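Read the structure below first, then the notes.
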Amino acid sequence: EAGVAQSPRYKIIEKRQSVAFWCNPISGHATLYWYQQILGQGPKLLIQFQNNGVVDDSQLPKDRFSAERLKGVDSTLKIQPAKLEDSAVYLCASSLVGNEQFFGPGTRLTVL
Amino acid sequence: AQSVTQLGSHVSVSEGALVLLRCNYSSSVPPYLFWYVQYPNQGLQLLLKYTSAATLVKGINGFEAEFKKSETSFHLTKPSAHMSDAAEYFCAVSDGGYQKVTFGTGTKLQVIP
């Protein structure tokens, strides 16, 4: 069974630029999560979807971050404009409803 | 609010020695507790979980953890470290499900030959 796929794996941008990350969850998983993992810290939940609806986005900085999950499958996370403090690994995870989360390999973002 | 505290951001052990990674939790309801492992440039992989059944939980790769309610602890152990165990380990807590999971800051395990 294929795991959670993420792209790109690495991205370097200048501050104030825009960037987008893509996640393809495990087939059949209705729940999708985006986490931000800053160096030296544990992952922090940014947003949780169930199918194409948002369940929790309380920690998403909505002035610059946005996410969507069209058709309840793939998801994109966008940052516009990026700040230096957005440098982190962005992890996507998926699960069956109410079950164990499976994580993708992450996208490492460096903002210069 | 739930939280976890991992004692020691870096732990070094000799190959073949006991591995002990410490985790204390705080939760207002009976928690689910997790240990995840993260290898360089990879995502998190679930090692083991406590979901209110047996207090001694066995996971993959020879790891186990014991839930101690009186000490609010969930320490991770392995009797004999292997070079392949070198990674970062995260303790995590939820409010009784798999969804609202709060992660600790992680402990990097170094295994010395």
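What you are looking at is a predicted structure, and each value in this text was computed from that prediction instead of being measured. Quick note: numbers below take in every heavy atom, side chains included, and nothing from hydrogens, waters or symmetry partners. Per chain, numbering begins at 1; letters A, B, ... match sequence-line order.
- Contacts of B/Tyr36 with chain A are made by side-chain atoms alone, with heavy-atom separations under 4.5 Å and no backbone atom involved.
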Walk me through it: do B/Gln99 and A/Tyr33 pass the test side-chain contact (heavy atoms from CB on, under 4.5 Å)? CA-CA 9 Å; B/Gln99 299 196 65; A/Tyr33 309 79; 3.6 Å; yes
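- Follow the hydrophobic side-chain contacts under 4.5 Å out from B/Val93 and you never reach B/Phe103; the two are in separate clusters.
- Connection of B/Phe34 to B/Val57 is not established within any shared hydrophobic cluster, with ILVMFWY side chains joined at heavy-atom distances below 4.5 Å, either directly or through further cluster members.
- Remark: A/Glu68 CD is packed, more than 12 non-hydrogen atoms of other residues, nucleotides or ligands lying under 6.0 Å away.
- Linking ILVMFWY side-chain heavy atoms closer than 4.5 Å, directly or via other members, places B/Leu33 and B/Leu21 in a single hydrophobic cluster.
- Side chain of A/Arg108 to backbone of B/Asn41: no donor-acceptor contact under 3.5 angstrom is found.
- Note on A/Trp34 and A/Ile13: same hydrophobic cluster, where clusters join Ile, Leu, Val, Met, Phe, Trp and Tyr whose side-chain heavy atoms are under 4.5 Å apart, directly or indirectly.
- Considering CD of A/Gln41 and OG of B/Ser9, their distance stands at 12.5 Å, rounded to 0.5 Å.
- Heavy atoms of B/Gln45 lying under 4.5 Å from chain A are absent altogether.
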Do B/Phe90 and A/Gln37 pass the side-chain contact (heavy atoms from CB on, under 4.5 Å) test, and can you show the C-alpha distance, the side-chain angles, and the key distance before you say yes or no? CA-CA 12 Å; B/Phe90 291 91; A/Gln37 185 179 14; 3.1 Å; yes
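- Only the side chain of B/Lys100 comes within contact range of chain A, with heavy atoms under 4.5 Å apart.
- Proximity to chain B is absent for every atom of A/Gln6, based on heavy atoms less than 4.5 angstrom apart.
- The heavy-atom pair separating A/Pro43 from B/Leu44 by the smallest distance is CG-CD2, 4.0 Å.
- With a threshold of 4.5 angstrom between heavy atoms, A/Leu45 does not approach chain B through any atom at all.
- The environment of B/Lys58 atom NZ is sparse: at most 12 non-hydrogen atoms of other residues, nucleotides or ligands sit within 6.0 angstrom.
- A/Glu100 places no side-chain N or O within 3.5 Å of a backbone atom of B/Tyr98 that could act as its donor or acceptor partner.
- Cluster membership check: A/Leu46 shares its hydrophobic cluster with A/Leu109, using side-chain heavy-atom separations under 4.5 Å among Ile, Leu, Val, Met, Phe, Trp and Tyr.
- Looking at A/Phe102, neither its backbone nor its side chain comes within 4.5 Å of chain B, counting heavy atoms on both sides.
- Crowding of A/Leu39 atom CG: a count of heavy atoms from other residues, nucleotides or ligands under 6.0 Å not exceeding 12.
- Chain B forms the most heavy-atom pairs under 4.5 Å with one residue out of A/Ala93, A/Cys92, A/Gly42, and that residue is A/Gly42.
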